[in-house]
Amino acid sequence: MQILNEIQNGIKDALLSEYNHTIPVESVLISQTRKEFTGDYTIVVFPFVKALKSNPVEIGNTLGKYVVENNNSITDFNVVKGFLNFSLSPEYWKGQLAEISSNMDFGSHPKNGKKVMVEFSSPNTNKPLHLGHIRNILLGWSCSQILEKAGYEVIKTQIINDRGIAICKSMLAWQLYGNGDTPKSTNIKGDLFVGKYYVLFDQKLKEEYSEWQSSEKGKEVYASSHKENQSEENFFKAYKNTYFNQYSILGNKAKDMLLSWEAKDDTIRNLWMMMNSWVYDGFEETYKKLGVSFDKLYYESDTYLLGKKIVEQGLNSGTFYSEDDGSVWIDLEDAGMDKKLILRSDGTSVYITQDIGTAQVRNNDFGVDRMVYVVGDEQDYHFKVLFQIMKRLGEPYADDMHHLSYGMIDLPTGKMKSREGTVVDADDLVKEVIEEARNSSAERGEIGEMDKVEQEDILRKIGLAALKFMIIKIQPKKRMIFDPKESVDMQGQTGPYVQYAYVRIKAVLRKYNQNEVGSYEAYTKPNEFEMALLKEIVEYPSLIKDAAENLDPSSIANYSYNLAKTYHRFFHEVRILNAESEPAKAFRLELSKVVARVMQGCMELLGIEMPEKM
RNA sequence: GGUUCCGUAGCUCAGCUGGAUAGAGCAGCUGACUUCUAAUCAGCAGGUCGCAGGUUCGAAUCCUGCCGGGAUCACCA
C-alpha cells in the first residue's frame with residue numbers, strides 16, 4: 001500500500017534529517033496498530049535505539065513529529081514505550097473507500113506473464129473419491145484461484161492413475177462375478193460400481209488365501225519358511241504378498257491381465273476402456289458437485305513409459321550413472337539425500353522416472369514457469385528428490401517447482417483405509433452436509449417461502465460452504481481429525497457465518513432506493529466499527545499476494561472469517577438505513593458494498609458460492 | 001536408527017519472515033430478537049504456548065538438545 005511506503009520513507013528521512021543516520025527503507029518495521037492503542041499504523045522504534053544512543057520514547061517523539069509535519073495524510077502520533085503510532089486523517093480513509101469501490105478488480109494483481117501448472121486430485125480409477133481427495137481437491141482448486149488472482153496464468157491439471165495391478169483387480173472381479181452388470185443396469189454411480197469390484201476382488205482373494213493356508217501346500221510352506229516363535233497367523237500375514245505373486249490363482253490371473261494390457265491385447269484394452277469410462281463419468285459427477293474443473297488431463301497409461309530418453313541424456317551428462325547390472329542411479333548424497341534408482345536393471349522405469357518425463361512433457365505442452373503439485377505429505381521425500389533431479393538436469397522451471405504438501409485426514413478411530421471400508425465417501429459426505437444445512441434452515445424458516453428449486457440451490461451452497469470452509473481453514477500441513485458422526489458446524493467460525501454476513505448486506509441493499517443515496521463527502525469522521533472494516537479491507541491485495549507466495553488457502557479463509565466477524569459487529573452496533581445523517585448512510589452503504597465484494601471474492605477463491613438469502 | 005512434519009484453553013484451530021497484556025470458534029454459564037435477517041451480538045470462565053537451555057532490549061515465533069505423535073527411508077505407485 002502506498003501509505004505504508006510513505007510512512008517508511010518518512011521515517012527514513014526523519015532519521016537522516018534529525019539524527020544524520022542512514023538506513024534502508026525496508027528495514028523500517030511497520031504494522032497495524034493494535035486495537036488497544038490509538039492510531040492506525042505503528043513503527044517499532046527499538047531497532048534504532050542502539051545506533052542513535054537515545055531512549056526509545058524520545059526517538060519516537062522526534063520521528064513522529066517530523067513525519068506528521070511532512071505528510072498531509074498523517075494527522076497525529078503518539079508514543080507508547082518503543083512503539084510509535086500514527087493516525088491517518090478521515091479524508092485519507094474516505095479516499096481509500098472511494099478508490100476501492102471504484103476499482104471493480106480490487107484485490108486482483110496485474111498479469112505477470114507467468115504460467116503455472118497446478119496438479120491436484122490425481123485419483124486412481126479403481127475406487128471412488130473420498131474425504132482425503134476432497135482436501136486435496138479443495139486445496140488445489142483454491143490454490144489455482146489464488147495464483148490466478150495474484151497474476152499468474154494457471155493451468156489446472158490432474159494425472160489419472162488409470163493403469164496397473166489395481167484396476168486389473170477390478171476388471172478381473174467384474175469379469176468373473178459381474179454377470180455383465182453395468183452402472184446403468186444396476187443404477188449405481190460408475191466409480192462406486194467399479195470400486196465395488198475392487199473390494200470384491202480383495203474378499204475373494206482373502207477367501208482363497210485362507211483356504212490355501214489349510215491346504216497341503218500352505219502347511220508345507222509354513223513349516224519350511226516360518227521363523228522361530230512366529231505364529232501361523234503372523235506368518236501368513238507377512239506372507240501375503242508372496243502368496244499373491246506365487247501361488248494365488250486370482251493373483252496370477254490379475255498379473256496376466258496386466259501383462260495382456262501392456263501387450264495391448266484388444267479384449268483387455270476394451271474392457272479397460274469401458275470400465276474406466278464408467279469411473280470417469282462418476283468422477284465428473286463428483287467434481288461437478290464440488291464445483292471444480294480441469295484444463296488438461298494426463299493419464300498414467302500415456303505417461304508411464306516416459307522418461308527413458310531423459311535417462312540417456314542424464315547418463316551422457318554424468319548426472320546419472322549405471323551399475324554393473326544395468327540399473328541407472330543418481331547420487332544425491334551431497335544434497336543430504338540418498339542414492340536413487342532411476343531405471344531398473346531390466347530397463348523399465350520406476351515412479352520417479354515417470355514423474356521426470358511427465359514434467360518435461362508438461363513443459364513442452366505449455367511452457368510453464370512454475371509447477372505446483374498438491375500431494376499428501378507422505379510423498380515429501382519423493383518430491384524433494386524429484387525437484388533436485390530436475391535441477392541437476394538443468395530444467396528451466398526447476399527452481400520453481402513446489403510441493404503443496406498436506407496432512408492426512410484421520411477419523412476418531414484412526415486412519416482411513418479403503419480396504420477396511422473406513423473411508424468417508426465424497427458423495428455421501430456432500431449429501432450429508434446439505435441435509436445438515438436443511439435441518440438448520442428448517443429451524444429458521446427464512447427461505448421457506450421460496451420455490452423448491454431456489455431453496456435447494458441455497459441449501460446446497462450453505463452445506464458445501466460448511467464443508468469446504470471447515471477443511472480449508474486448517475493449515476494444509478496439519479493433520480486433521482474428522483468425525484463423520486458429528487454434524488458439520490454451521491455456527492461460529494464456519495462458511496455459513498461468512499455467507500450470513502454477505503446475506504445481511506444483500507438484504508440491506510435490496511431495501512433501499514438507489515436514487516436516494518447521496519455522497520458521503522460530508523461525513524466527517526468514520527466511527528470505530530467503520531474504521532475496523534476499512535482497515536481490514538485495505539489488506540486484501542497483500543493477503544492475496546502472501547497466500548499465493550505461500551500457497552496457503554487457509555489464510556484466505558481466516559481473513560474472510562475475521563472480516564465477517566467485524567461486519568457482524570458493525571451491523572449490530574450501527575444503523576445503516578436509519579443512519580443519523582444522509583452522508584453517514586451513504587458511507588455505510590458504500591462500505592457494506594465493498595465488504596460484500598471482498599467477502600465474495602475471498603469465498604470464490606475458496607470455491608464457495610454465496611447465496612443472496614438464507 | 002537417519003531425515004522430515006506436527007505439539008498453543010476440555011475439544012477444533014489462528015498467531016510463527018522476533019515486538020505491546022497469546023486470540024477465535026465449539027462445549028459450559030449469563031444477557032440481547034415490536035428494530036436493516038438472532039446461522040447474529042455482548043459478557044463470564046477457561047493458558048507452565050510439549051520440556052530444558054541459548055541468542056536478543058524483547059521469544060509462542062529464531063538456534064540446540066530432549067519428550068510425545070505422524071510420515072518417509074523399495075529394482076511399489
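Numbers restart at 1 for each chain; the letters A, B, ... are given by sequence-line order, proteins then strands.
Taking the side chain of L29(A) as heavy atoms from C-beta on, and the options A38(B), C36(B), G19(B), the nearest nucleotide is G19(B). In the set U8(B), U40(B), A77(B), A77(B) carries the atom at the smallest distance from any side-chain atom of Q354(A). Of the candidates A77(B), C36(B), C75(B), A77(B) carries the atom nearest the Y351(A) side chain, counting heavy atoms from C-beta on. Proximity note for K50(A) (side chain, C-beta onward) versus A39(B), G7(B), C57(B): the nearest is C57(B). Comparing A39(B), C36(B), G70(B) by their closest approach to the side chain of F571(A) singles out C36(B). Among the nucleotides U3(B), A39(B), C36(B), the one closest to any side-chain atom of K384(A) is U3(B). In the set A77(B), U40(B), G19(B), the nucleotide with an atom closest to the side chain of F46(A) is G19(B). In the set G15(B), A39(B), U72(B), the nucleotide with an atom closest to the side chain of E378(A) is U72(B).
For an aromatic pair to be called close, the ring centres must be under 6.0 Å apart, and Y198(A) with F201(A) fails this.
The residue V44(A) sits close to a base: some heavy atom pair falls under 4.0 Å. If you check every strand for non-hydrogen atoms under 4.0 Å, E300(A) touches sugar and phosphate atoms only. R569(A) comes within 4.0 angstrom of the backbone, heavy atoms only, and of no base. If you check every strand for non-hydrogen atoms under 4.0 Å, I505(A) touches nothing. Using a 4.0 Å heavy-atom criterion, one finds that I474(A) contacts the sugar-phosphate atoms exclusively. Residue-level contact check: Y381(A) touches the backbone only, with heavy atoms under 4.0 Å from sugar-phosphate atoms and none from bases. Nucleic acid contact for K613(A): base, since at least one base atom lies under 4.0 Å from a heavy atom of the residue. Within 4.0 Å (heavy atoms only), V375(A) reaches no atom of the nucleic acid at all. Here V503(A) lies in heavy-atom contact (under 4.0 Å) with a base. Nucleic acid contact for S405(A): none, since no nucleic acid atom lies under 4.0 Å from a heavy atom of the residue. Using a 4.0 Å heavy-atom criterion, one finds that Q475(A) contacts the sugar-phosphate atoms exclusively. Within the 4.0 angstrom heavy-atom criterion, only backbone atoms of the sugar-phosphate kind lie near M480(A); the bases stay farther away. Nucleic acid contact class of P47(A) (heavy atoms, under 4.0 Å, all strands): base.
Each of D346(A) and E573(A) lies near RNA chain B, and the nucleotide nearest E573(A) is the one positioned closer to the 5' end. Of the residues near RNA chain B, V574(A) and G336(A), the one whose nearest nucleotide (by heavy atom distance) lies more toward the 5' end is G336(A).
Between Y373(A) and the options F120(A), F383(A), Y406(A), a ring pair (Phe, Tyr, Trp, His ring centres under 6.0 Å) holds for only F383(A).
Note on E580(A) versus R588(A): salt bridge recorded, some NZ/NE/NH1/NH2 to OD/OE distance being below 4.0 Å. With salt bridges taken as basic N to acidic carboxylate O contacts below 4.0 Å, one links R460(A) and E609(A). Ion pairing of K613(A) with E454(A) is absent here, as no side-chain N (NZ or NE/NH1/NH2) approaches a carboxylate O to less than 4.0 Å. No salt bridge links K545(A) with E539(A); every basic N to acidic carboxylate O contact stays at or beyond 4.0 Å.
Nucleotides U21(B) and G28(B), compared at atom C1', are 25 Å apart to the nearest Å.
Both tests hold for R362(A) against Y298(A): distance to the six-membered ring centre under 6.0 Å, angle to the ring axis within 45°. Stacking of R163(A) on the aromatic ring of Y304(A) is recorded, both the 6.0 Å distance cut-off and the 45° axial limit being met.
Pair check for A9(B) finds none; no Watson-Crick or G-U wobble contact set falls under 3.5 Å. Across every strand in view, U72(B) sits in a pair with G2(B) that passes the Watson-Crick or G-U test at under 3.5 angstrom. Using N1 to N3 plus N6-O4 or O6-N4 for Watson-Crick, or N1-O2 and O6-N3 for G-U wobble, each under 3.5 Å, A45(B) pairs with nothing. With both pairing distances under 3.5 Å, C66(B) is matched to G50(B) as a Watson-Crick or G-U wobble pair. The partner of A22(B) is absent, by the rule that a Watson-Crick or G-U pair needs both atom distances under 3.5 Å.
When the side-chain nitrogen and oxygen atoms of K478(A) are compared with OP1 and OP2 of A14(B), one or more of them lie within a distance under 4.0 Å. The side chain of R479(A) contributes no N or O atom lying less than 4.0 Å from OP1 or OP2 of G70(B). Y497(A) has no side-chain polar atom (N or O) that falls below the 4.0 Å cut-off from OP1 or OP2 of A38(B).
Counting heavy atoms of neighbouring residues, nucleotides and ligands inside a 6.0 Å radius, atom CD of E449(A) does not exceed 12 of them.
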For nucleotides 20-27 of chain B, 5' to 3', base contacts (B), sugar-phosphate-only contacts (S) and non-contacts (-) with protein non-hydrogen atoms under 4.0 Å give BS--BSS-

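With sequence neighbours excluded, no residue satisfies salt bridge (charged side-chain N to carboxylate O under 4.0 Å, His left out) with R444(A).
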